Amino acid sequence: MSAAVAAPGAGGSPRDAGAGRVAAPARPSRPRRWPARVVVLVVLVAITAWSWVAVDVDLAALAQNFSNAQDTLVQLFQPDYSFFGETLQPLLETVQMAVIGTAVGCAVSLPLSFLASRATNPNGPLLGVVRTVMNVVRSIPDLLYASIFVTVVGTGALSGVLSLVLFNLGIMVKLVSEALDGVDRGGQEAALASGATWLQADRAAMLPEVAPQYVSQTIYVLELNIRASTVIGLVGAGGLGMLIDRVRTFYQYHYLSLIILEILVLVLLLELLSSAARKRLVR
Amino acid sequence: MTAAPTRVAPARTTAQDRPRKPAHLARKAVWLVVVLVVVAAFWGVDISWDALWDMPGKLGHYLGLMFLPPAWDKLPEALSATMLSVAMAWFGTALGVVVSFPLSLLATRGLAPVVVRWPLRAVFALLRAVPEVVIAVLMLSVTGLTAFTGALAIAIGSVGTLGKWGYEAFEAVDGGATEAATAAGASRAQVMRWGVWPNAAPEVLAFWLYRFEISVRASAILGLIGAGGIGKMLVDNIQFRVWDVVGVLMIVVVVVTMLIDQVSGTVRHRIITGRWELPVVTALRRRSARAARLEASPSVLEDDVRSGTVG
């Protein structure tokens, strides 16, 4: 009877419960988790307080600036559609950069992801090297790549494409190699047992297994690329970003709002397309 | 096909007997379009590909300038700039959490009426569509760009993603607890508190942390356009071509990002599974066990896969 009182997860002392207090309400005692929770909460509040001080929260200044920026706001809410013609070329370049970046990045990432998955690469040291390099590649943000390539190869779409390729490599290799870790390895085992080399086994048995996920991630990466390629121009790497930078320095906010509107439409369109395509792939 | 009573050995299958290979016309058409688009992009883009030839040499040259050796004496400065970036990311994410949490509850099917739900979802979608940098550019023109406004830009961006992940997590909650709460006469708020939240909590908390990881990257980027922190320092040094300092800064960015990802990933794992799995310790202890498990059912790393694909 009293065993039911000492329910699993009950903190405190289960021996008490067995000691004959049958009359106690038949409820497991609450687990004593509050000390841990208090500690976590205090830590979180402390970090938040520290960040509050560090970023120097100043609501008064914010309100002040906001009220000073009436004209800016008015301009921002009145996009100048006559500017559309001039945005077409950068818009096209943005899409081109994203497409090229995706194509090259995803093509290069396929062999690399096979090298970066434990399931397809039996060579431990090589696996470690590839994974470490890819971790480093992934932790550098796209705009940073862009600003470095701009100084190395000059402003324009080439530095944009190069930074998108590296940005894609990081994401694709992680996602695809993890997909490879998760697929059914029966086919590969069979291929190896029948005398195939690892390369042949991976090609014949593992590639078809990840193909749908690979394609789906490629579409996802294209979506990310469109987003990224609209902004990497801010540091000079071609596309709409360069135009944003220009109109911003000349305070042409009614142009700026048109560009942002275009980005919005572009991204939303691609998101619709991509989610539809990925849904079909999964099915 | 013959009506003879005796059994005839089946004839060898010929090409005609085999089922015809499916034509996959639609698939071929899609491939054709994709190839055409890619070719058109290569064709039309304004790039002189010749520049690629001397790129490896140039890249090597600049990498040499950056890392042989990096200016280690700037390390303290770089670290304090990084702390500012991290503070921006944390503050922005925290603000985003505070704002998005009630909103995502209001965007959940079954918890809020349609008239509230769909406008909110539209707002989330809109916020997700605008890159953070663009939000920051907007804030820059309206209020000026400081670390605080950078954090606000991050907050606005996180409301979009967190809002979406939030209502998706709430909707994925198994209906049993909600039904029981409703049957026992709970109000809408009580259903949320006792029926939905306990089930969705681990996932939602993990999403918050994951969003913080994204924000760390975003805050470095916002620095590049002037919001202060490590990005500001980077862009200044790139502009004045102080490459050895750029080298240190890159090392700091990489190390800090990886460190935060690792810590946050470990905590997320703890939240989702309820077990601590410390990166090095556990890896060493369970190396053989994990190999065996991978053989049996290759589905480890599931939370990493999920966290990697949401977006």
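What you are looking at is a predicted structure, and each value in this text was computed from that prediction instead of being measured.
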With a 4.5 angstrom heavy-atom cut-off, which part of A/V150 approaches chain B: side chain, backbone, both or neither? neither
B/F91 versus chain A, heavy atoms under 4.5 Å apart: side chain, backbone, both or neither? both
Ranking A/D56, A/I259, A/T102, A/D58 by heavy-atom pairs under 4.5 Å to chain B gives rank one to A/D58
How long is the span from the OG atom in A/S159 to the CE atom in B/M55, to the nearest 0.5 Å? 11.0 Å
Rounded to the nearest 0.5 Å, how far apart are OG1 of A/T151 and NZ of B/K58? 9.5 Å
Of the backbone (N, CA, C, O) and the side chain (C-beta and beyond), which part of A/F149 lies under 4.5 Å from a heavy atom of chain B, both, or neither? side chain
Report which part of B/W43 has an atom under 4.5 Å of a heavy atom belonging to chain A: side chain, backbone, both, or neither. neither
Toward chain B, the part of A/L256 with a non-hydrogen atom under 4.5 Å: side chain
Which bit of B/T149 is near chain A, if near means a heavy-atom gap under 4.5 Å: side chain, backbone, both or neither? side chain
At a 4.5 Å cut-off on heavy atoms, which part of B/L234 comes close to chain A: side chain, backbone, both, or neither? side chain
Looking at B/D46, I want to see if its CG is surrounded by more than 12 non-hydrogen atoms of other residues, nucleotides or ligands under 6.0 Å. no
Is it the backbone or the side chain of A/W50 that comes under 4.5 Å from a heavy atom of chain B, or both, or neither? side chain
Contact part of A/V267 toward chain B, heavy-atom cut-off under 4.5 Å: side chain, backbone, both or neither? side chain
Side-chain heavy atoms of B/V130 within contact of A/I263, under 4.5 Å: no
CG-CZ distance between B/L138 and A/R248, expressed to the nearest 0.5 angstrom: 10.5 Å
Engaged part of A/L234 at the chain B interface, taking heavy atoms whose separation is under 4.5 Å: side chain
Interatomic distance, CD1@B/I221 vs OG@A/S147, rounded to 0.5 Å, equals 9.5 Å
Go through the atoms of A/L162 and report whether side chain, backbone, both or neither lie under 4.5 Å from a heavy atom of chain B. side chain
With a 4.5 Å limit on heavy-atom distance, are the side chains of B/Y62 and A/I148 in contact? no
Atom CH2 of B/W53 with >12 non-hydrogen neighbours under 6.0 angstrom: no
Quick one: what part of A/V152 sits under 4.5 Å from any heavy atom of chain B, side chain, backbone, both or neither? both
Heavy-atom closest pair (B/V38 atom, A/A103 atom, distance to 0.1 Å) is CG1-CB, 3.9 Å
Measuring only between side-chain heavy atoms, which start at C-beta, is A/I232 closer than 4.5 Å to B/V133? no
Given that the side chain runs from C-beta out, which part of A/V104 has a heavy atom under 4.5 Å from chain B: side chain, backbone, both or neither? side chain
Against chain B, label A/N135 side chain, backbone, both or neither, depending on which of its atoms sit under 4.5 Å from a heavy atom there. both
Straight-line distance of A/S51 OG to B/L95 CG, nearest 0.5 Å: 10.0 Å
Pairwise side-chain contact, B/D261 with A/R138, heavy-atom cut-off 4.5 Å (strictly under): no
Gap between atom CG of A/L44 and atom CH2 of B/W208 - 0.5 Å precision: 10.0 Å
Who among B/V137, B/I225, B/L84 has the most heavy-atom pairs with chain A under 4.5 Å? B/V137
Residues A/L264 and B/A129: closest non-hydrogen pair is CD1-CB, 3.9 Å
Which portion of A/L266 sits near chain B, non-hydrogen atoms under 4.5 angstrom: neither
Heavy-atom cut-off 4.5 Å, strictly under: side chain, backbone, both or neither for B/L152 against chain A? side chain
If you count heavy-atom pairs within less than 4.5 Å of chain B, which of A/L270, A/L268, A/L144, A/V153 leads? A/L144
Toward chain B, the part of A/T230 with a non-hydrogen atom under 4.5 Å: side chain
Go through A/V99, A/L158, A/V53 and name the one with the most non-hydrogen pairs under 4.5 angstrom from chain B. A/L158
Is it the backbone or the side chain of B/M66 that comes under 4.5 Å from a heavy atom of chain A, or both, or neither? side chain
Could you tell me whether a side-chain N or O of A/R227 sits under 3.5 Å from a main-chain N or O of B/R128, the two making a donor and an acceptor? yes
Side chain, backbone, both or neither of A/L76 within contact of chain B (heavy atoms, under 4.5 Å): side chain
Are the side chains of A/P141 and B/T257 in touch, meaning some heavy atoms are under 4.5 Å apart? no
Tell me, for A/A54 versus chain B, whether the close heavy atoms (under 4.5 Å) come from the side chain, the backbone, both or neither. both
